[in-house]
Asks: 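My questions will all concern the structure given below.
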Amino acid sequence: MAGTGIEPRIGVIGGSGLQRLLPEGQGEELDVATPFGPTSGPITVGELGGTGVAFLARHGRGHSVAPHEIPAKANVWALASLGVRAIVSSTAVGGLREELAPGSLVVPDQLIDMTRARGGDERRDTYFGAGVVEHLTFADPCTPSLVAAARAALARIGEVAVSPATTVVIDGPRFSTRAESRWYRSLGGDIVNMTQYPESALAAELGLGYVNLSFVTDTDAGVASAVDDEDAVDASRVFERLAAAQPRIVAAIAAIVAAVPDDLRLSSGIAREHVDAVLAMAPRVSA
Ligand SMILES: CSC[C@H]1O[C@H](OP(=O)(O)O)[C@H](O)[C@@H]1O
Ligand SMILES: Nc1ncnc2[nH]cnc12
């Protein structure tokens, strides 16, 4: 429990363009030490619509942490150590299909991991090993009940989210070539992003629910952008579109947070004692 007395039930990881969830001055900022080094930045614990939340900006303050440098193990561990039961994440994505125009909202249910851990240790995608042998059941990288709840919550606020959908996750920080983009689409990808993995797998390893809200900022570099090159990916345009959509994204995240059931029950098949052993690891205090 944080000093405010608020017990965060939901962790929110804000992606590109989502630096703050609670109004300025609300909530308590915590620096949570972890066995995996520092998190991307401070975690703000407060209340959102009556629900205790712990908010972390994935790329840190001022977007200073590149996608391949994101300390996903530290970030997910820190939220779990604060007691959250589920993570609601936001991401900016490229659309791989014409119908996924910039401005579309997507609630993916599947992903294809195309990362090759080129970021080094930050990209490591498991807490287990060193004698603790676990094989994560990861057929549903996004918790199905939360995907359904998110879709319904968005509909209630008048948003039509594209769902189900498959995210192709790449290392970044560069965007894809036209050939890669066409290939991802031919694999069945609907959207492309750099951060939904390993975050989602690490959450599942710690027994947390995971649901993602994706905001389409561009049509990547493939077939769709050939239709309208104005929409081909370009980082400055991505940030402009995210800034303009910030109130809409915050409202959508708030609706999803409110829809996470109190009695969220998960079974990822991982032995509880193994989860507890990871959570009991001593925090490493950074220099
Ligand atoms: C700003 S363009 C590329 C950047 O945006 C996405 O970030 P996030 O997933 O945290 O919203 C993408 O994954 C890249 O990191
Ligand atoms: N086209 C794209 N590829 C990867 N990550 C993205 N984030 C936003 N747009 C993206």
Side-chain angles (χ1 to χ4, degrees), residues 12-21 39-41 55-72 75-76 87-98 100-108 111-115 118-119 122-123 141-142 165-185 187 189-200 203 210-226 228-246 249-250 252-253:
V12 177
I13 300 184
S16 292
L18 187 60
Q19 291 274 319
R20 159 179 306 283
L21 183 66
T39 57
S40 294
F55 174 79
L56 173 62
R58 185 184 290 119
H59 297 273
R61 283 238 171 83
H63 201 99
S64 53
V65 183
H68 61 296
E69 297 172 325
I70 289 166
N75 289 350
V76 173
I87 290 178
V88 176
S89 86
S90 86
T91 52
V93 299
L96 296 173
R97 300 184 184 282
E98 288 86 342
L100 285 167
S104 307
L105 291 180
V106 183
V107 178
L111 65 79
I112 298 173
D113 169 27
M114 296 295 284
T115 64
R118 280 195 294 221
E122 291 79 6
R123 274 281 189 205
C142 300
T166 298
T167 310
V168 175
V169 188
I170 61 174
D171 278 314
R174 70 164 175 83
F175 293 112
S176 307
T177 65
R178 290 187 191 279
E180 286 168 341
S181 193
R182 283 195 296 270
W183 181 41
Y184 300 152
R185 174 181 156 126
L187 291 177
D190 299 299
I191 51 179
V192 56
N193 164 259
M194 303 177 193
T195 65
Q196 288 177 34
Y197 194 87
E199 191 174 273
S200 47
Y210 188 87
V211 64
N212 169 265
L213 175 78
S214 283
F215 178 78
V216 180
T217 52
D218 57 89
T219 56
D220 204 43
V223 178
S225 59
D228 177 2
D229 215 40
E230 262 296 282
D231 286 332
V233 64
D234 163 275
S236 50
R237 206 155 40 216
V238 165
F239 282 115
E240 271 167 32
R241 286 180 172 158
L242 285 166
Q246 179 119 359
I249 294 171
V250 170
I253 292 286

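All residue numbers in this chain count up from 1 along the given sequence. In each ligand, atom 1 is the first atom listed, and ligand 1 is the first ligand listed.
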Asks: Considering all heavy atoms of both residues, which atom of Thr167 and which atom of Gln196 are nearest to each other, and what is their separation?
Replies: OG1-OE1, 2.9 Å

Asks: So do the side chains of Val211 and Val107 get within less than 4.5 Å of each other, counting heavy atoms only?
Replies: yes

Asks: Just need the protein heavy atom nearest to atom 9 (N) of ligand 2, so name the residue and atom and give the distance.
Replies: Asp218 OD2, 2.6 Å

Asks: Please confirm whether Met194 comes within less than 3.5 Å of ligand 1 when only nitrogen or oxygen atoms on both sides are compared.
Replies: yes

Asks: With a heavy-atom distance limit of 4.0 Å, tell me whether Asn193 approaches ligand 2 through its side chain, its backbone, both, or neither.
Replies: backbone

Asks: Pairs of nitrogen or oxygen atoms closer than 3.5 Å, one from Ala92 and one from ligand 1: do any exist?
Replies: yes

Asks: So which heavy atom on Ile191 is nearest to which on Ser214, and how close?
Replies: CD1-OG, 3.8 Å

Asks: Take His59 and Thr195 through the side chain to side chain contact (heavy atoms under 4.5 Å, CB included) test and state the conclusion after the steps.
Replies: CA-CA 10 Å; His59 297 273; Thr195 65; 4.3 Å; yes

Asks: Atom 10 (C) of ligand 2: which protein heavy atom is closest, and how many Å away?
Replies: Gly94 N, 3.4 Å

Asks: Of the protein's non-hydrogen atoms, which lies at the shortest distance from atom 5 (O) of ligand 1, and what is that distance?
Replies: Ser16 OG, 2.9 Å

Asks: Look up atom CG in Leu111 and atom SG in Cys142, then write down how far apart they are to the nearest 0.5 Å.
Replies: 6.5 Å

Asks: Could you identify the single nearest non-hydrogen protein atom to atom 8 (C) of ligand 2 and state the distance to 0.1 Å?
Replies: Thr217 OG1, 3.3 Å

Asks: State if Phe175 counts as touching ligand 1 under the rule of any non-hydrogen atom under 4.0 Å.
Replies: yes

Asks: Looking at every non-hydrogen atom in both residues, tell me the closest pair between Arg20 and Gln246 and how far apart they are.
Replies: O-NE2, 4.1 Å

Asks: What are the atoms of ligand 1, with element, lying closer than 4.0 Å to any heavy atom of Arg58?
Replies: 8 (P), 9 (O), 10 (O), 11 (O)

Asks: Tell me: protein heavy atom nearest atom 1 (N) of ligand 2, and distance?
Replies: Asp220 OD1, 2.7 Å

Asks: Taking both backbone and side-chain atoms of Thr91, is any N or O found less than 3.5 Å from an N or O belonging to ligand 1?
Replies: no

Asks: In terms of atom number and element, which parts of ligand 2 are under 4.0 angstrom from non-hydrogen atoms of Val233?
Replies: 1 (N)

Asks: Does any N or O atom in His59 lie less than 3.5 angstrom from one in ligand 1, N or O only?
Replies: yes

Asks: Which heavy atom of Ile170 sits nearest a heavy atom of Ser176, and at what distance?
Replies: CD1-OG, 3.6 Å

Asks: Among Phe175, Phe215, Phe239, Tyr184, which one puts a heavy atom closest to atom 2 (C) of ligand 2?
Replies: Phe175

Asks: How close does the nearest protein non-hydrogen atom get to atom 1 (C) of ligand 1, and which residue and atom is it?
Replies: Phe239 CZ, 3.4 Å

Asks: With side chain to side chain contact (heavy atoms under 4.5 Å, CB included) as the test, pick out the partner of Asp190 among Leu100, Val93, Leu96.
Replies: Leu100

Asks: Would you mind running through ligand 1 and noting each atom that sits below 4.0 Å from a heavy atom of Val238?
Replies: 1 (C), 2 (S)

Asks: Does Arg58 reach the side chain of Val65, with side-chain heavy atoms less than 4.5 Å apart?
Replies: no

Asks: If you measure from CZ on Phe215 to OG1 on Thr91, what distance do you get to the nearest 0.5 Å?
Replies: 11.0 Å

Asks: Would you name the heavy atoms of Ala57 and Gln19 that are closest together and state the gap between them?
Replies: CB-O, 4.2 Å

Asks: Closest non-hydrogen protein atom to atom 7 (N) of ligand 2, residue and atom name please, with distance?
Replies: Ala92 O, 3.1 Å

Asks: Within a distance under 4.0 Å of any heavy atom of Gly15, pick out the atoms of ligand 1 and give their elements.
Replies: 10 (O), 11 (O)

